[in-house]
Amino acid sequence: MSKTGPAAKKQKMDVKTIGTHNGTFHCDEALAVFLLRHTATYKDASLQRSRDPAVLDNCDIVVDVGAIYDESKQRFDHHQRGFTEVFGHGFSTKLSSAGLIYKHFGKEIVASTAGLDPSDRKVDILWLKMYREFIEALDAIDNGISQYSSQEQPKYRNRTDLSSRVGWLNPRWNESAESQKVDALFLKASQLTGEEFLGRLDYYANAWLPARDLVLAGLSSRQNVDASGKIILFEQFAPWKEHLFELEVEQGVSGDELPFYVIYPDETGGNWRIQAVPVSPESFDSRKALPEKWRGVRDDELSEISGVDGCIFVHASGFIGGNKTKEGALNLAKLALKM
């Protein structure tokens, strides 16, 4: 039986409406709509796709259309002349509607999705991480900002990024662009962007972020491994590079205090690795590469040259090596410090 009493009418009146433009859709507003539907205010909102100002004026929030950016009015467009809004926190890419919605609503979404208290510092870490790794590229692509100088010619084409995959969901030029069909495709695009957003957030919240605590513990206790403080030992493998560089800054570790080597167990082989810390997270250059005379040598020959039993290999560039035991990997690191 349908509800037609006062309570049902009030519930219907309380339903919010999200407005965005009709016609060809893009990744930024598709994600913006999905994000809004993961907030407490707009979780049950209906969607109105139109460019008619009269229609948009009746919406509770409008994204990617209307030529207005005003949080107090819940208007979030970025196409108007003079719009220069950026995310801040060191980011300088002009925002699209995805970035605008994420800037204003992202912390709420991160906290509720990850099951964290909004005041937890982890929310800020994840909020910034998701912008850097997921949202910023969508902002840049939608605003026509290249990753590199336009004087450089790309060596290949990439049409598999999220923005491109959303674009492919639009009707072809020789297909019907009837509004109901396009609206249905828009919902498909919104779901696509949202599922990827939630999947990435789940990884960062439940895999990437827990590694930060392990790296902090290793960085803080490194003098217990070797008095020099140049060797960090992890008893289990975890992604450590990005965390290490960030934590070094936060903890004020610099100059002669910087660690040179990281020891950790191989993820699958049951062996141990010694890896030289790079000069930056993306660099192939190391703070102190493993000794030249070990490079490219393997197994018993490497054990004989180094004087350490159980050696497996040292890479030709000296950035990583392997040993059968933790003690062997530690001995290699301590020897390398002196060479």
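Residue numbers start at 1 and run along the sequence shown. Because only heavy atoms are used, hydrogens play no part in the values below, and waters and symmetry mates are left out as well, while side chains stay in. Predicted, not measured: the structure shown is a model, and the values here were computed from it.
Atom CD of Glu175 has more than 12 heavy atoms from other residues, nucleotides or ligands within 6.0 Å. The number of heavy atoms from other shown groups lying within 6.0 Å of CD (Glu282) does not exceed 12. Taking a 6.0 Å sphere around NZ of Lys324, one finds it holds 12 or fewer heavy atoms contributed by other residues, nucleotides or ligands. Counting non-hydrogen atoms of neighbouring residues, nucleotides and ligands closer than 6.0 angstrom, the NZ atom of Lys43 reaches no more than 12 such neighbours. Remark: Asp213 CG is packed, more than 12 non-hydrogen atoms of other residues, nucleotides or ligands lying under 6.0 Å away. With a 6.0 Å radius and a threshold of 12 heavy atoms from other residues, nucleotides or ligands, Asp256 has its CG atom at or below the threshold. Enclosure of atom CD in Glu178 by more than 12 non-hydrogen atoms of other residues, nucleotides or ligands within 6.0 angstrom is indicated. Heavy atoms from other residues, nucleotides or ligands lying under 6.0 Å from CD of Glu304 number 12 at most.
For the pair Leu214 and Phe234, the tightest heavy-atom approach, listed with the atom from each and the gap, is O-CE2, 3.6 Å. The shortest heavy-atom contact between Val123 and Val110 is O-CG1, 4.0 Å. In terms of heavy atoms, Pro118 sits closest to Ala111 at CA-CB, 4.1 Å. Of all heavy-atom pairs between Ala189 and Leu169, the closest is CA-CD1, 3.6 Å. Here the closest non-hydrogen pair linking Asp28 and Ser97 is OD2-OG, 2.8 Å. A pairwise comparison of heavy atoms in Ile320 and Gln275 identifies CD1-OE1, 3.8 Å as the closest pair.
Of the possible donor and acceptor atoms, none in the side chain of Glu136 sits under 3.5 Å from a partner among the backbone N and O of Glu133. Judged by distance alone, the side chain of Asp52 and the main-chain N or O of Ala54 form a donor-acceptor pair under 3.5 Å. Arg49 contributes no side-chain N or O that, together with a main-chain N or O of Gly19, makes up a donor-acceptor pair within less than 3.5 Å. With hydrogens and angles ignored, the 3.5 Å screen pairs a side-chain donor or acceptor of Ser190 with a backbone N or O of Ala30. For Thr325 (side chain) and Gly328 (main-chain N/O), a donor-acceptor pair under 3.5 Å exists by modelled atom type. The main-chain N or O of Ala333 is never found under 3.5 Å from a side-chain atom of Lys230 such that the two would form a donor-acceptor pair. Counting only distance, with no hydrogens or angles, the side chain of Arg295 and the backbone of Leu290 share a donor-acceptor pair below 3.5 Å. Judged by distance alone, with hydrogens and angles left aside, the side-chain atoms of Lys103 form a donor-acceptor pair with the main-chain N or O of Val86 at under 3.5 Å.
One side chain, Asp161 or Ser164, offers a donor N or O that lies under 3.5 Å from an acceptor on the other. Residues His78 and Glu85 have side chains that never bring a donor and an acceptor to within less than 3.5 angstrom of each other. A donor and an acceptor atom, one from each side chain of Gln74 and Tyr42, are located under 3.5 Å apart. In the model, Asp139 has no side-chain atom that pairs as donor or acceptor with a side-chain atom of Tyr102 under 3.5 Å.
The CG atom of Leu36 lies 11.5 Å from the NE2 atom of His104; values are rounded to the nearest 0.5 Å. Considering OH of Tyr261 and OG of Ser228, their distance stands at 10.0 Å, rounded to 0.5 Å. Separating the OG1 atom in Thr268 from the CZ atom in Phe237 is a distance of 10.0 Å, to the nearest 0.5 Å. From Leu332, atom CG reaches atom CD1 of Ile312 across 10.0 Å, with rounding to the nearest 0.5 Å. The CD atom of Glu29 sits 12.5 Å away from the CG atom of Leu100 when rounded to the nearest 0.5 Å. Note that CZ of Phe245 and CG of Leu258 are 8.5 Å apart. Values are rounded to the nearest 0.5 Å.
Ion pairing of Asp70 with Arg75 is absent here, as no side-chain N (NZ or NE/NH1/NH2) approaches a carboxylate O to less than 4.0 Å. The residues Arg212 and Glu250 are annotated as salt-bridged, a charged nitrogen and a carboxylate oxygen being separated by less than 4.0 angstrom. A salt bridge links Arg165 with Glu196; the closest basic N to acidic carboxylate O contact falls under 4.0 Å. Lys107 has a carboxylate O that lies under 4.0 Å from a charged side-chain N of Asp124, or vice versa, which qualifies the two as a salt bridge. Of the charged side-chain nitrogens involved, at least one lies within less than 4.0 Å of a carboxylate oxygen, so that Lys129 and Glu242 count as a salt-bridged pair. The pair Arg287-Glu248 meets the salt-bridge criterion, since a charged nitrogen lies less than 4.0 angstrom from a carboxylate oxygen.
When side chains are defined from C-beta on, Gln48 does not count as touching Asn22, because their heavy atoms never get closer than 4.5 Å. Looking at heavy atoms from C-beta onward, Ile232 lies out of side-chain contact with Ile263 at the 4.5 angstrom threshold. Counting only heavy atoms from C-beta outward, the side chains of Tyr148 and Pro154 approach each other to under 4.5 Å. The side-chain heavy atoms of Asp266 and Trp272, taken from C-beta on, include no pair separated by under 4.5 Å. Counting only heavy atoms from C-beta outward, the side chains of Lys326 and Glu235 approach each other to under 4.5 Å.
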- Task: In sequence, state the C-alpha distance, the side-chain angles, and the governing distance for Leu335 and Val308, and then conclude on side-chain contact (heavy atoms from CB on, under 4.5 Å).
- Result: CA-CA 9 Å; Leu335 286 170; Val308 178; 3.5 Å; yes
- Message: Between Trp240 and Val262, is the side-chain contact (heavy atoms from CB on, under 4.5 Å) condition met? List the steps.
- Response: CA-CA 9 Å; Trp240 56 267; Val262 172; 3.8 Å; yes
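Between His243 and Trp208, the ring planes are tilted. Angles from 30° to 60° get that label.
Ring to ring, Phe34 and His38 are close: their centroids are under 6.0 angstrom apart. Phe284 has its ring centre no less than 6.0 Å from the ring centre of Phe319. Between Tyr204 and Trp127, a ring centre-to-centre spacing not shorter than 6.0 Å is recorded.
Taking the ring centre of Phe91 as origin, the terminal cationic atom of Arg132 falls outside the region bounded by 6.0 Å and 45° from the ring axis.
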